[in-house]
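Notes to accompany the following structure.
In each ligand, atom 1 is the first atom listed, and ligand 1 is the first ligand listed.
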Amino acid sequence: MPEKPIVLATGNPGKLREIAQVLAGLPVDIVGLNELAAIPEPEETGDTFARNARDKALYYAQATGQWCLADDSGLEVDALGGEPGVRSARYSSDTVAPGAGRSIVDLANNTKLLAALEDVPDHLRTARFVCCLALADRSGVLIETSGTFEGLIARGAAGDNGFGYDPLFYVPDCNCTAAQLPPEEKNRISHRGQAVKRFVELLADHLARKS
Ligand code: ITT
């Protein structure tokens, strides 16, 4: 059976790496956006992760004519009423120049988060990562899954793995931050790892029904 091409519709190399790792071995041909002619990034306007994942998947499916898998994810901090939430990637957009590189934006986001939580005691620094995935073709959404990952916001950064808020995201069961976890371990327990695993099960059913 020929492998089904699936475009991983993300401009975030951290997400791409993590999703591709779990999808390796499936009868699908994973295509990165960098392998296609440039497509302008869509604007994110939804107020839920699920809505944004669907919108991104549909946008890229229309643009490419292929099956497209999109991820919308972010960090919900309880002491901040769920912020930065769907605005996680652009939390520090008030201080960072438009077009700044991802490492600069990640650093600015983390610095802003630490400042916002400066006076919040340890036991109230609870937070979770949320990931929603959507697979779409031109005609609509085919599969949706989600996952969450509970932790605490540390008082300083630690670790070089992962991306985004990982250096601040302390995982009590592992006694380290998400950025200190080996990539396979983060994928085993993370919001994205959980969402991709469920996605793999639903994709297998979907492909079996079509064959
Ligand atoms: P695409 O829309 O191109 O996929 P993006 O980075 O703009 O890339 P989002 O709008 O979904 O994607 O924002 C997700 C942000 O949430 C991401 O940039 C990180 O700041 C944060 N985030 C999500 N998952 C994370 C993880 O596993 N570890 C650390 N930070 C994460």
Side-chain angles (χ1 to χ4, degrees), residues 7-22 32-34 36 38-60 63 68-77 80 82-93 96 98-114 127-136 146-151 153-154 157-171 174 176-196:
V7 176
L8 280 192
T10 177
N12 182 326
K15 289 181 180 180
L16 184 71
R17 217 174 28 244
E18 292 182 6
I19 296 171
Q21 189 179 32
V22 185
L33 284 179
N34 58 345
L36 304 173
I39 301 167
E41 262 191 44
E43 242 191 89
E44 263 179 38
T45 54
D47 55 8
T48 64
F49 296 112
R51 169 75 199 272
N52 284 334
R54 264 180 241 136
D55 286 352
K56 277 192 262 190
L58 287 166
Y59 169 87
Y60 282 106
C68 287
L69 176 62
D71 163 314
D72 200 64
S73 48
L75 181 67
E76 293 179 344
V77 178
L80 301 178
E83 285 281 301
V86 291
R87 298 193 63 258
S88 292
R90 41 189 200 280
Y91 184 45
S92 60
S93 58
V96 174
R102 277 186 190 269
S103 54
I104 292 173
V105 173
D106 284 350
L107 189 60
N109 284 342
N110 285 347
T111 303
K112 182 169 174 176
L113 182 60
L114 281 179
R128 72 205 50 77
F129 280 123
V130 180
C131 171
C132 287
L133 296 178
L135 177 76
S146 63
T148 57
F149 185 20
E150 300 286 336
I153 304 303
D160 298 317
N161 295 334
F163 67 97
Y165 298 92
D166 280 339
L168 295 186
F169 191 80
Y170 177 76
V171 188
C174 304
C176 67
T177 69
Q180 291 173 307
L181 290 173
E184 315 74 53
E185 182 62 7
K186 182 184 170 194
N187 253 342
R188 195 178 68 76
I189 57 178
S190 79
H191 52 314
R192 183 165 300 100
Q194 297 300 320
V196 181

Residue part near ligand 1, for Arg90, under 4.0 Å between non-hydrogen atoms: neither
Flag if over 12 foreign heavy atoms under 6.0 Å of CZ, Arg51: no
Atoms in ligand 1 flagged as close to Asp166, the criterion being non-hydrogen separation under 4.0 Å: 26 (C), 28 (N), 29 (C)
Within-cut-off N or O pair, Arg192 and ligand 1, under 3.5 Å: yes
Parallel, tilted or perpendicular: rings of Tyr165 and Phe129 (30°, 60°): tilted
Asp166 (side chain) donor-acceptor with Phe163 (main chain) under 3.5 angstrom: yes
Residues, nucleotides or ligands: over 12 heavy atoms within 6.0 Å of Glu184 CD: yes
Under 4.0 Å to a heavy atom of Asp72 - the qualifying atoms of ligand 1, by number: 9 (P), 10 (O), 11 (O)
Aromatic plane relationship, Phe169 with Phe149 - under 30° parallel, 30 to 60° tilted, over 60° perpendicular: tilted
side-chain hydrogen bond (donor to acceptor under 3.5 Å, both in side chains) involving Arg102 - partner list, sequence neighbours excluded: none
Geometric N/O contact Asn12 with ligand 1, under 3.5 angstrom: yes
Closest candidate by heavy atom, reference atom 14 (C) of ligand 1, pool Ser73, Ser190, Gly74: Ser73
Which residue and heavy atom of the protein sit nearest atom 10 (O) of ligand 1, plus the separation: Glu44 OE2, 2.8 Å
Minimum non-hydrogen distance to atom 11 (O) of ligand 1, winning option of Lys15, Glu41, Arg87: Lys15
Residue selection (non-hydrogen contact nearest atom 18 (O) of ligand 1) among Gly11, Ala89, Ala179: Ala89
Proximity of His191 to ligand 1 by residue part, where a heavy atom lies under 4.0 Å: side chain
Proximal ligand 1 atoms for Arg102, defined as those under 4.0 Å from one of its heavy atoms: 6 (O)
Residue Lys186 vicinity, atoms of ligand 1 by number, heavy atom under 4.0 Å: 26 (C), 27 (O), 28 (N)
Numbered atoms of ligand 1 (with element) below 4.0 Å of Phe129, judged on heavy atoms: 25 (C), 28 (N), 29 (C), 30 (N), 31 (C)
Option set Phe163, Phe49, Tyr91, criterion heavy-atom distance to atom 29 (C) of ligand 1, minimum: Phe163
Heavy atoms from other residues, nucleotides or ligands near CG of Asp160 exceed 12 (cutoff 6.0 Å): no
Distance (rounded to the nearest 0.5 Å) between Lys56 NZ and Glu44 CD: 4.0 Å
Check: Asp71/Ser73 side-chain N/O donor and acceptor closer than 3.5 Å: yes
Exam field: side chain Glu185 to backbone Pro182, donor-acceptor pair closer than 3.5 Å: no
Atom indices of ligand 1 within 4.0 angstrom of Thr10 heavy atoms, with elements: 1 (P), 3 (O), 4 (O), 8 (O)
Ligand 1 N/O within reach of Leu75 N/O, cut-off under 3.5 Å: no
Where ligand 1 meets Lys56 - atom numbers and elements under 4.0 angstrom, heavy-atom basis: 1 (P), 2 (O), 4 (O), 9 (P), 10 (O), 11 (O), 12 (O)
Taking atom 30 (N) of ligand 1 as the reference point, the nearest protein heavy atom with its distance: Tyr165 N, 3.1 Å
Candidates Asn109, Thr111, Leu113 - the one meeting side-chain contact (heavy atoms from CB on, under 4.5 Å) with Leu168: Leu113
